[in-house]
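Accompanying notes for the structure given below.
All figures in this text were calculated on a predicted structure; none of them were measured in a lab. Throughout, protein chains are lettered first and strands after them, A, B, ... in sequence-line order, and every chain is numbered starting at 1.
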Amino acid sequence: MDQQPIVEAENVTVRYGEHVVLKAVSAAFMPSRITAILGTSGCGKTTLLKTLLGLITPVSGVVRLFGHTLADQDSPASVDMLKKAGTLFQNGALLGSLNIAENVALPLAMHTALPRDVIDEMVHIKLSQVGIPNAAYLFPSELSGGMRKRAALARALALEPPLLFCDEPSAGLDPVTSAGLDDLLLTLRESLGITIVVVTHELLSIERIADSILFLHEGSVLYSGVQDQARKAPDGPMHDFFARRELAAPEAVDETSDFIVENVA
Amino acid sequence: MRVSIIIEAVTRYAKIRETMADIHSSLSLEPEPIIRLPEHFNRDWVSSRPAAGFSHDKPVVLDFAGVKDIDSSGISLVHVLKRTFERSNQKIILRNITRPMLSAITAVPQPVAAVSVKLGERFPSSVGTATLAVFSVAASALSVLTEMFYWGTIGAFKKLDMKKGALGEQMFQLGYKALGIVALLSMLIGIVLALQAAIQLRMYGAGIFLAPMIGISMIRELGPILTAIILAGRTGSATTAEIATMMVGEEIDALKTMGINPIQYVVVPKFWAITLTMPILTMLSTATGIFGGFLVSLAYLDISSSLFWSQLSQNIFIKDVLAGLIKSIVFAWLIIWVGVFYGFRVRGGAEAVGRETTASVVTGIFIIIITDALFSFII
C-alpha cells in the first residue's frame with residue numbers, strides 16, 4: 001500500500017543566528033498515525049513542530065502539508081492547508097480577551113459561513129468532547145492548566161481537521177489529567193482517523209499513544225520508525241532516553257590532576 | 001664600668017639572637033599554610049572567610065579531616081582557591097578527604113571562559129553589528145507599517161480576519177474612554193496658557209488679542225499634540241502591552257496556525273479606531289482648551305464673551321483647522337505604528353513586555369514631537 005505522507009519535511013535546516021537548531025532534517029508523517037517527536041531538551045523538537053506549521057521559515061529545505069509547499073501564510077492555498085491542521089500549544093495559547101466558547105468558535109466564525117446558533121451548538125459539542133462543557137463562559141485565566149489544554153484542544157478540533165499538532169500536551173499536568181488527554185488523542189485517531197504529531201517527553205504517554213517515533217538528537221534525526229524498534233535501540237542517546245538515564249558527559253575530564261590529593265579516606 | 005660591660009653584653013646577645021633567627025628562617029622549610037575545614041563546610045563558614053588573602057608562595061593545604069558535609073559553596077571555594085593558585089603555578093592540597101567529597105569536587109567541569117576580545121579588535125565588529133541592527137530595526141518597522149496599511153485597506157478586500165464588532169469595541173476603548181482625560185487636561189492647559197499670556201497682554205492693554213492667540217495655538221499646535229501625547233501614553237502603551245503579551249503567550253502563533261492574519265485580527269481594528277477617533281478627540285481638546293482661555297478672558301481680562309468669540313472667528317481660518325486635523329491623523333498612525341512595532345518585537349517574558357512598553361511610549365512621544373516640528377515647516 002502506497003500511502004502519501006500528510007506532512008513532510010525535506011532537508012530542513014533552521015538556525016537562530018549562528019546556532020543551527022535543525023540540521024537537514026527529513027521526516028514524513030503518515031496518515032491516521034500518532035507520531036511522537038522525541039529527544040532531550042534543546043534538541044529542536046518544538047522548532048521542528050513550528051517549522052512544520054510554517055511559524056519558522058527554514059534557511060533551506062521544504063515543508064509540505066497535504067502535498068503542498070507551505071509558503072506565504074496569507075495565501076489562500078496556505079490558509080486552506082492551515083484550516084486542515086489544528087494545533088495544541090504547550091500552554092494552550094487561548095486568547096485571553098475571549099471566553100472559552102469564543103475561543104473555540106473563533107476558527108469557525110473566521111473560516112465558515114455557518115449561522116451563529118449552529119456555531120454555538122458546535123462549540124458545545126466540542127467542549128463536551130474534551131470534557132469541559134461547563135467552562136464555555138469562563139475566561140482562560142479562570143481555568144486550571146488541564147482545563148486550558150482541553151479548551152485549546154477543543155479549539156484545535158473546531159474545524160475537524162484531519163491533522164493535529166500537539167506541543168507537549170501532558171507537560172505540567174497531573175497523571176490523571178495527562179492520561180485523560182492521551183485517551184482523547186487515541187479516541188480521535190481511532191474514531192476520526194486524525195493524524196497526530198505530538199512533541200512530548202512523557203515516557204508513559206509515548207508508550208500508550210505513539211505508533212511511530214521521530215527521535216531528534218542535537219538537531220538531527222537519529223531514528224524514525226516504529227516504537228518497538230526505538231525501545232530496543234542499543235547504547236546511545238535514544239537508549240538512554242527510554243531508560244531514563246542521564247546522558248554521558250561529552251568528555252570525561254579527570255580533574256583530580258588539578259589538585260594534590262593526600263590521604264583519601 | 002660594670003654597668004657598661006653588662007649593657008654591651010646584652011646588646012651583643014641581642015644581635016647574635018637576631019642573626020641566628022635570620023639564619024634559621026632562611027634554612028628552615030616552613031610548612032604550607034593549613035586550613036582546617038569545619039565539620040560543616042557550608043555557606044555559613046564560606047561567607048565568613050574570603051578566598052583571597054592567602055599567600056601564593058606556598059600551596060595551601062585544605063584539611064578535610066573534620067568535615068562531615070560540604071555544600072556547593074564549599075565546593076566553589078575549593079575551585080576558586082584552585083584557580084587562584086594556578087595563576088602562580090601552584091596546586092592546592094586536599095588532605096584527609098573522603099572519596100565522595102573528592103568526587104563531588106572533581107565532578108565540576110571547567111567553566112566556559114567568557115570570550116574576551118580586545119577593544120581594537122572588537123570595535124569594527126561592534127560597528128558592523130550595530131549597523132546591521134539599525135537596518136534590521138528599520139526594515140521590520142517599515143514592514144509593520146506597510147502590513148498595517150495594506151491589510152487595513154487593499155488587503156481587506158482579499159481577506160478579512162476581523163472579529164465582528166471589533167472596530168466599535170476599539171473605538172470605545174481608544175476614543176470614548178479617553179474623552180474625559182483629553183478634555184480635562186486640554187482645558188487646564190488652555191487656562192494656564194491663557195493666564196500666562198493675559199498677565200503680559202494686560203500690561204500693554206492688548207488683552208483683546210488673547211482670543212486669537214489661544215485659538216490659533218490650540219487649533220494648530222496644542223490640540224493635536226496634547227491629544228497625541230495623551231494617546232501615546234494611553235493607547236500606545238496598551239497596544240504594545242497587549243500584542244507583546246499575546247506574543248509571549250503564543251497567542252499570535254495560535255492565530256497564524258488557525259489561518260488568521262494577526263495584523264488584521266489585532267491591529268487593523270485599532271488602526272481604524274484611532275484613525276476615526278483621533279480627529280474627534282483633537283477637536284474636543286481644541287474646543288476645551290479654547291474654552292479654558294475664554295474663562296480666563298472673562299474672569300481676568302473683563303472681555304465680554306461676544307467680543308472674545310468674534311475676535312476668535314475673525315482670526316481663525318479653515319487652513320488652521322485643516323492643519324490641526326491632518327496632524328491629528330498622522331499622529332494617530334504614528335501612535336499605532338510605534339505601539340504595534342514594539343509589541344511584535346518582544347522576545348522573552350514579562351520583563352521584555354515591560355521594557356518594550358516603556359520604549360513604545362518614549363519613542364511614540366519623541367516621534368510625535370519630531371513630526372510636529374516638521375509640520376511647522378510644511379503647513
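Chain B is approached within less than 4.5 Å, heavy atom to heavy atom, by A:R155 from residues 142-155 of chain A, ordered by number.
Neither the backbone nor the side chain of B:M101 comes within contact range of chain A; no heavy atom of the residue lies under 4.5 Å from a heavy atom of that chain. Of the atoms belonging to B:F64, not a single heavy atom falls under 4.5 Å from chain A. Contacts of B:K163 with chain A are made by both backbone and side-chain atoms, with heavy-atom separations under 4.5 Å. Residue contact with chain A, scored on non-hydrogen atoms closer than 4.5 Å, involves the backbone and the side chain of B:M258 alike. Within the 4.5 angstrom heavy-atom criterion, no atom of A:A109 approaches chain B.
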*What's the verdict on side chain to side chain contact (heavy atoms under 4.5 Å, CB included) for B:I97 and A:F259, showing C-alpha distance, side-chain angles and the deciding distance?*
CA-CA 12 Å; B:I97 187 167; A:F259 302 99; over 6 Å; no
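Inter-residue side-chain proximity for A:F165 and B:T257 is flagged as unmet; no heavy-atom pair is nearer than 4.5 Å. In this structure the side chain of B:M246 reaches within 4.5 angstrom of the side chain of A:L95, judged on heavy atoms. Side-chain atoms of A:K50 and B:E250, non-hydrogen and from C-beta on, do get closer than 4.5 Å to each other.
When the candidates A:N91, A:L98, A:L159 are compared by the number of heavy-atom contacts under 4.5 Å with chain B, A:L98 comes out ahead. Most heavy-atom pairs under 4.5 Å with chain A, from the set B:T245, B:N96, B:V78: that is B:N96. Between chain A and the residues B:I252, B:T98, B:D253, B:L255, the largest count of heavy-atom pairs under 4.5 Å involves B:D253.
The number of heavy-atom neighbours closer than 6.0 Å to OH of A:Y137, taken from other residues, nucleotides and ligands shown, is 12 or below. Residue B:R36 qualifies as open at atom CZ: its count of foreign heavy atoms under 6.0 Å is 12 or below.
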